[in-house]
Structure formats: C-alpha cells, structure tokens
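What follows is one structure encoded as structure tokens, with my remarks underneath.
The structure presented is a predicted model; accordingly, all values stated were derived computationally and were not measured.
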Amino acid sequence: MPELPEVETTRRGILPHLQGRRITGVVVREPRLRWPVPEDLGRRLLGQRIEAVQRRAKYLLVRLGAGTVLLHLGMSGSLRVVPARAPSQAHDHVDIVLAHDRALRLHDPRRFGALLWCGGDPLTHPLLRPLGPEPLNDSFDGDYLYARARGRRLAVKPFLMDSQVVAGVGNIYANEALFEAGIHPGRAAGRIARARYGRLARCIKRVLEAAIEQGGTTLRDFVREDGRPGYFRNELRVYARADRPCPRCARPLRGLVLGQRATVFCPRCQR
DNA sequence: ACGAAGCCCTGCAAGC
DNA sequence: TGCTTGCAGGGCTTCG
C-alpha cells in the first residue's frame with residue numbers, strides 16, 4: 001500500500017523517463033477509478049511536454065504546459081515505464097504514451113487510485129489545498145504537532161494519519177514511528193507533552209527517510225517503475241508483527257484496531 | 001469543530 | 001475441491 005515513501009520512490013523512478021518527453025498518446029482501458037478518468041484526457045495531453053514530476057502528500061503531479069495530471073495510487077496502485085506496445089495485463093487501466101516509444105502505465109487492482117486533470121494551480125485543487133505540511137519539511141516539527149494537538153481527544157495514531165495534520169503518513173509508518181518514539185498509539189493526542197512530540201516528529205522523519213532509501217515497503221502490490229519491489233519490509237519493527245516479540249524488550253507485541261486500522265504496539269515500551 | 005462511520009474495490013484467507 | 005463469506009485498507013464524504 002503506497003504511502004509517502006512508495007510514492008516518492010515512484011516519482012524518482014519515473015522522473016528520468018518522463019522529464020522533457022512529449023506525450024504522443026493516451027490509452028484508457030478502464031476509466032472507473034476512485035473518480036472517473038476525464039473523458040477528454042487524451043485531447044488535453046496529446047502533444048504536451050512533461051516539464052516536471054512532483055509530489056505533494058501521496059499525490060504525484062505531472063506538470064505539463066497546459067496543466068497538471070494528478071495521480072494517486074490508492075492502496076494497490078503502481079506506475080511502471082514499459083515499452084509503448086507492451087501487451088497489457090489485467091488492471092493496467094491507463095497508458096500515457098511518450099515520444100521515445102515508452103509508456104507510463106497505471107496498474108491498480110482495487111481501483112482506489114485516481115487520475116485527474118487540473119488546469120490551474122494544483123496546490124489550490126480541492127484535494128490538495130486542505131493538506132497539512134510535508135513531514136520531511138523543516139516546518140514540520142514537534143512544536144507544530146504539539147500546537148495542532150491542543151484540545152484533541154483523538155488517539156495519537158489516527159491523529160497522525162489525518163492528512164490535514166500532516167500529509168502522507170499512513171498506517172505502516174504511523175505504527176513504526178510511534179514505536180520508535182515510545183508512544184502508545186491509543187494515547188489521546190492532546191495528552192502528550194511537547195518534548196515527546198519533538199521526539200515523535202524526529203522519528204517520523206527518520207522512518208520515512210529510511211524507507212525512501214530502501215525503495216519503500218512492498219507488502220503485496222507495490223512495485224517500482226521497473227518492476228522491482230521495495231526493501232523496507234525487512235526493516236519494519238512492529239507493522240504486521242502482532243504477537244511476535246518486541247524488537248526492544250522481547251515481550252509479545254499487541255495488535256488492536258484504532259480508527260478502523262490495524263495497529264501494533266509494545267505495551268511495555270510504548271506509554 | 002470534532003470524531004466516528006460509511007463507502008469505493010479486489011484479492012486473499014478462512015470456513016463450510 | 002469449490003463455493004461463499006468476511007475483511008483489509010487510503011482517504012474522501014457524510015452523519016451525528
């Protein structure tokens with residue numbers, strides 16, 4: 001399930017294949033994604049040159065002269081760069097064909113992903129405007145989290161996963177960062193001291209950066225632009241490890257559901 | 001404003 | 001073995 005590190009890994013992987021290339025074709029095999037793929041996508045993209053590929057939260061922004069393609073991978077989506085006429089597999093929903101006979105191919109079995117067109121400033125798009133700061137930016141720190149948590153009774157884990165609080169932290173990395181910071185995922189967000197938020201912010205940054213370095217986490221669907229998986233799965237300390245020994249104290253990790261998401265933590269190390 | 005629940009969808013695992 | 005059922009999961013949307 002692509003979170004920020006997987007999307008950033010994808011961005012870095014596809015960038016050299018896309019930058020400066022002209023779009024020569026668009027193939028939509030299945031328009032029914034999270035929202036329908038725009039019917040006039042081909043007309044808008046044809047002949048456009050790709051100026052940049054950026055990321056905001058878990059969205060990829062493919063910048064063209066006339067506007068921006070917004071891409072979201074949902075939870076099972078992946079992007080690959082393939083030969084332009086490579087036969088399509090099941091769930092290969094959209095191809096953006098490029099001038100050098102390659103295609104950017106969106107594959108998404110569960111179709112929770114999205115491909116949208118934005119003619120204006122994408123950062124003011126309704127999906128992007130409400131997003132909180134990027135966790136890897138300097139503006140994101142413990143003081144910011146502490147300030148946002150004032151008066152909140154919500155558990156800290158769903159608080160972290162709220163994209164309006166901080167953008168791009170999903171279930172895997174929220175579990176990992178809270179373990180690293182020694183904070184119980186069920187603790188009310190407003191009942192955590194400023195200094196502990198400082199530590200948590202640093203742990204979030206460290207976990208995300210380490211995951212990007214490993215090419216992200218592959219649990220089932222995620223692959224990079226060339227089909228390779230990410231290797232951060234080997235580094236996961238608590239996620240999907242309920243009942244197995246805590247890597248720090250060796251007592252069994254405990255699983256529970258918090259905000260309708262699988263949560264794993266160590267009752268001894270996380271308070 | 002806040003928090004909780006619903007919904008979209010498919011693959012997989014468990015149960016019969 | 002083959003079918004049915006249940007569930008996970010990001011995040012927008014709706015409800016209370």
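Here CD1 of I204(A) is found 11.5 Å from CZ of R202(A). Values are rounded to the nearest 0.5 Å. In this structure, the separation between OH on Y239(A) and CZ on F232(A) is 13.0 Å, given to the nearest 0.5 Å. Separation of atoms CH2 (W117(A)) and OG1 (T68(A)) is listed at 6.5 Å; rounding is to 0.5 Å. Separating the CZ atom in R21(A) from the CD1 atom in I50(A) is a distance of 9.5 Å, to the nearest 0.5 Å.
A heavy-atom distance below 4.0 Å to DNA chain B is reached by these residues of residues 149-160 of chain A, ordered by number: R152(A), R153(A), L154(A).
Put simply, the side chain of R224(A) does not reach to within 4.5 Å of the side chain of T10(A), judged on heavy atoms. Side-chain atoms of C266(A) and C249(A), non-hydrogen and from C-beta on, do get closer than 4.5 Å to each other. Looking only at side-chain heavy atoms (C-beta outward), I96(A) and L41(A) stay at 4.5 Å or farther from each other.
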**Item:** Reading 5' to 3' through nucleotides 9-15 of chain C, protein heavy-atom contacts under 4.0 Å coded B for base, S for sugar-phosphate only, - for none
**Value:** BBBB---
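Taking atom CG of L258(A) as the reference point, atom C1' of dA5(B) lies 15 Å away to the nearest angstrom.
Under a cutoff of 6.0 Å and an axis angle of 45°, R150(A) and Y146(A) form a cation-pi pair. Both the sub-6.0 Å distance and the 45° axial angle are satisfied by R248(A) relative to the ring of F179(A).
The bend of the helix from dC2(B)-dG16(C) to dC16(B)-dG2(C), defined by the angle between the axes of its first five and last five pairs, stands at 50° to the nearest 10°.
The environment of R29(A) atom CZ is dense: over 12 non-hydrogen atoms of other residues, nucleotides or ligands sit within 6.0 angstrom.
H91(A) has no side-chain polar atom (N or O) that falls below the 4.0 Å cut-off from OP1 or OP2 of dC9(B).
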